[in-house]
Amino acid sequence: MAGPATRGLLATALPLIGKRIASGALTLLLVSLVVFFIAQLLPGDAAQEMLGQAATADAVAALREKFGLDRPAPERYVRWLVGMLTGDPGYSLVANMAVADVIAARLPNSLLLAALSALVSVPVALTIGILSAMHRDTRLDRGLNVATLSMVALPEFLVATVAVLIFSVQLRWLPSIALIPADASPWLVLRSLAMPILSLSVIVIAQMARMTRAAIIQQLNQPYVEMALLKGIKPARVVLTHVLPNAIGPIVNAMVLSLSYLLGGAIIVETIFNYPGLASLMVNAVTSRDMPLLQACAMIFCTAYLLLALVADTAAILANPRLRNR
Amino acid sequence: MKNAIRSWVKALSGSGRVGLSLVMLWLFLAVFGPFLAPYDPGAFVAHDVFAGFTAAHPLGSDYLGRDVLSRLLSGARYSVGLALAAALVASTTGTALALVTAVSPRWVDEGISRFVDTLISIPSKILSLVLVAVVGSSLPLLLLVASITYFPGAFRIARSLAVNLAQMDYVQVARCRGEGAVHIALREILPNMIHPMLADFGLRFVFIVLLLSGLSFLGLGVQPPDADLGSLVRENISGLGEAAPAILMPAIAIATLTVGVNLLIDSLPGRGRRIAGKE
Amino acid sequence: MQTHVEVRGLNVVAGGTTIVADVGFSIPRGGVLALIGESGSGKTTIAMALMGYARLGCRIAGGSVRVGDTDVLSLDEDGLAALRGDRVSYIAQSAAASFNPSRRIMDQVVEPAVNHGRMDRAAAETKAVALFRSLALPDPESIGERYPHQLSGGQLQRLMAAMALITGPELVILDEPTTALDVTTQIEVLRAFKQAVREQGATAVYVSHDLAVVAQMADAIVVLNKGRIRENGSAVQVLQQPEDEYTRTLMAAARPERVAVEAPKGAAAPLLEIKGLNAGYAATPILRDINLTIVRGATLGVIGESGSGKSTLARVIAGLLPPTSGSVNFDGARLPPALSMRNKEQFRRIQLVFQNADTALNPAHSVGDIIGRPLTFYHGLKGAAATRRVAELLDLIKLPASLADRACGGLSGGQKQRINLARALAAKPDLIMCDEVTSALDTVVGAAILDLLAELKRELGLAYLFISHDIATVRAIADDIMVLYAGTQVETGRRQGYEGVARHPYTDLLIGSVPELRPGWLEEQGARPAPPAIGQPKDGADLCRFLPRCSWRVCGTCEEFTPPRHLTPGGNIILCHRPEGASEGAS
């Protein structure tokens, strides 16, 4: 029973995590079915779309055959799925190049933006969350509550346009368009990314801070906190040594899930700043009805979301003392 | 009844009352906005494009010289009405499905939950983009897209409420009495879900306002000649460099609506709990 | 003797209402004072005020608290932190919730000593182990390495005592420290507490609602009601010659008198008959081989500690959990195992009343709706006829008819429990199963419910299956008593059969563990003899469940064979290898 904690951890946590991975994989498979199914609802197909209304029936049929569009839906689904898994999600007729190449040019930009925004927002959100939980029901807490409550409800384009108005129109500090030349210095990259990062951070910070506060307050209401205070331990120390170890699971969960927003949720921010990321690519795919590209983008975002959810659940499993030390 | 409303308002915090006033204002504008508009929202009435605040045009003029206030007042109907309808569909569907799972055999619950979990794993904006790409952007279809995108969240909350309530002793008592599934779902479980689901309805409304105005901002939402508040921001985006009110005012308008709802929900007395009394 | 703790004119307010009003008392050095009262009496609030602590939303509004030379209420935050857990320490009601789930026991036990700079970590651990030993904890050397969820409630409660005593405090506050424990565990914990506090020479404040427990622990008793002191005197005086009317009410309710008349004896046809019943969930059987009979108008009391399966029994009879084997006959006919196979008449004749009226009454319905539903459902009563019947039922349970329009939210615990009962009565049942119906209530309120049950039985000829963990309550109402231990029926018989000495060893332990309402009882009990040594229990055999704790076990028999059923001289049937059970007999 009382073996080394690590052995107990592996023995009890691994099957749970394994189960979680399997369930995530199943969900991803179902998601791919849903995405494929929705795409099938589109009247007409890419061949028709590309050649236009005036095209002859023969020309359309030939193009269909070339891209396998004449095959039955289940076969196309399997082909598409295998293609996705092997890194070949198809051919974009609109861009006239492989979807993989289109995405490869954009994905690093999205990841860079998300990573930098996370770097800014996580520490700020943690500080706000812990601060308002510790000063629960004081003026500070109420003020922060109204502030974060309002921030989560702001439309992204308001945040972004106000940022542009202040920093590039009025103060002329920052460029309003986040185009990065290939040979840009890190400083220049940072400067041109500053406003997208700022806009994204404002939105996720509020969300994360609120969830952090809720996680800590839930623990503060537990009897063991009162007990610690009655043992003569000072409040700041109680939070540090008693509350945080118990709140870490929910907090990591909150962080990770908010971060998933930085990938898929950046659509409007990327569009406003003309940032060449994956999300604005997806908007273009919608406008041009480029279904192979759209499906591939959707699957990337869903996979990213499920991976992050997996990280969050794993953290929760590992942070749970009942699982950690059976 | 009157007293009940009065004491309900009294129980709100200061920020809650601000929220309530904003919500009431927007509901009013959604209904009567077009009648209050000083000009025809489609008419070119100003001498100048992207004009600032003047007596004749309190919120300035847009990129074609139309009156921003008039366009805003007629756009409110789309933003508020469409989102309200979609939130209603999403919440009702979610609650109804949750009740079904609470009183059905395990496999029904597992089937429905698995399906909804799949939809929830597709980030809401991504799902709505894929849907819009396929079905298009007419008003009924936008309503459908927003409902499909946000009913899974409502279901998840309603299900966790319903599953907990189904374990309550009073539900066990009803089962021992021999009551059928319909009575248990509608009379024993549902009444105790109403308050938290109303709060969730408010949040869902905010999400949908933001989603639809975001889609319109991207040109994928409400299509011309109709225009919701998000469309107004989009069509005036070229005025950004001039800091024109035409671009800021509609965005701020949306913010007052969504922030208002949030403030109201947050200060609801006994949020997530039942309020004593039978009114 | 020298006064050690002195409280004067203490006032505590919550929002606009005063919850503790003008309370004052003093305790001599080394004395044990009990604060006794029902819920809402302010006893915990006063105990916390001794540490200068008020819960969120409460505020100490006036008065003074002196501990030794320290004026506690004038201390600042740092001063209070230095006092708490060092000179004054606290033992909370629920140890399971009061230990941090993610830290080892030892880290938490030594924390006060190390935090206040009393000793270094190594010295503190040595002292902790010594305390574990004196508190009779198992494996004192290694128990500190465990986490809270790996230990039982009784062990955690004693570990919390170790945590409170490690700094050698001058004042220890014990807040209902045994209320969450089973009665057989309580006696051991009480004994350990008493000895440990005495060894330390500490002054103690013991907060409780249970007069009998207090009688064992305290030198002096303060009786509280609604935040005010009703009586303050020595333990002997308060217990033997209570001056205050309220104290007398408490005393009367603490040990309920027999309330029920005897059930008609004779060969009445059995109403409920259960044979060879097993029930549980796939891998974990909960009930094993249960046999019982209830005749019309009789009461069967079912007694057992938490986890004994007594609530499961009621759920099985009600149809919520179909049994895995065995038969349940009702009025001569076989009762279908699952809810879905029963008809309305079968539902109507058996009614289940749950322990906690707060969760058993739907907060969305009015009192009239709740009582009226069975009337409509079973008897088709509607409109004025239903309203009239609801009023009659409310009258029957001694509540005003005007309550019908109210929601249950604002009612008191006792009122809710009566409505809970009225709903069952509305069905006009033959059998009511009462699952711990008085346990969640204050003693006085619970006693009134018990009276009501007896009266209803007399007037309506009801039969009860009365489930409780409290043997005194069961004795007050039951005609027959069945004792459950870990899902097995260890003893069954007439109520009178339990008064003899020959009874099942577990029944013996259970009855012997209930404190009596007089000082000195605990000392007279002496510790139970340790269970005699036995061999390795035989694998796969269906052995006695009580074997590990049994002081009467027989080496060579109990660990080898399945126990048989015996008839005792008192007429009870016991499941034990010894026909004479726990009494000294010729064996």
Side-chain angles (χ1 to χ4, degrees), chain A residues 1-9 11-13 133-138 141-142 215-252 315-326, chain C residues 44 47-48 50-57 77-105 107-118 139 142-150 160 163-164 166-167 169 173 175:
Chain A
M1 180 157 180
T6 44
R7 207 179 66 202
L9 174 67
T12 54
M134 282 185 66
H135 297 90
R136 169 163 56 148
D137 290 336
T138 59
D141 178 37
R142 267 180 241 140
I216 293 180
I217 284 193
Q218 202 208 345
Q219 290 300 322
L220 284 177
N221 287 333
Q222 302 294 318
Y224 74 79
V225 172
E226 182 171 81
M227 189 69 219
L229 289 172
L230 292 178
K231 275 154 78 177
I233 299 162
K234 297 193 177 148
R237 207 179 142 78
V238 170
V239 170
L240 214 62
T241 62
H242 281 272
V243 171
L244 275 185
N246 287 294
I248 204 82
I251 290 177
V252 170
I317 290 172
L318 295 182
N320 185 340
R322 282 167 191 268
L323 296 174
R324 210 173 47 199
N325 331 277
R326 188 144 320 171
Chain C
T44 295
M48 294 196 149
L50 294 177
M51 293 171 285
Y53 184 84
R55 286 201 167 131
L56 208 62
E77 278 305 315
D78 285 348
L80 286 172
L83 178 86
R84 295 173 186 159
D86 187 21
R87 290 175 55 204
V88 183
S89 64
Y90 180 71
I91 299 175
Q93 173 168 359
S94 168
S98 298
F99 274 109
N100 188 330
S102 65
R103 300 183 65 195
R104 287 177 199 279
I105 293 290
D107 293 341
Q108 304 189 51
V109 169
V110 299
E111 196 177 12
V114 176
N115 187 56
H116 290 108
R118 285 272 152 177
D139 309 323
S142 64
I143 197 168
E145 294 310 304
R146 309 251 190 114
Y147 284 85
H149 68 271
Q150 298 168 324
M160 190 152 59
M163 182 162 79
I166 194 156
T167 52
I173 296 163
D175 188 0

C/Leu56 portion near chain A, given a 4.5 angstrom heavy-atom threshold: side chain

If you round to the nearest 0.5 Å, how far is CZ of A/Arg237 from CD of C/Glu111? 6.5 Å

Within the side chain of C/Asn115, is there an N or O that forms a donor-acceptor pair under 3.5 Å with the backbone of A/Gly232? yes

What part of C/Tyr90 lies closer than 4.5 angstrom to a heavy atom of chain A: side chain, backbone, both or neither? both

Answer yes or no: is there a side-chain heavy-atom contact under 4.5 Å between A/Gln222 and C/Asn100? no

Within this structure, what is the NZ-CD1 distance for the pair A/Lys231 and C/Ile166, rounded to the nearest 0.5 Å? 10.0 Å

Which atom of A/Leu230 lies closest to which atom of C/Arg84, heavy atoms considered: O-CB, 3.4 Å

Side chain to side chain contact (heavy atoms under 4.5 Å, CB included) for C/Gln108 and A/Met227? Distances and angles first, verdict last. CA-CA 10 Å; C/Gln108 304 189 51; A/Met227 189 69 219; over 6 Å; no

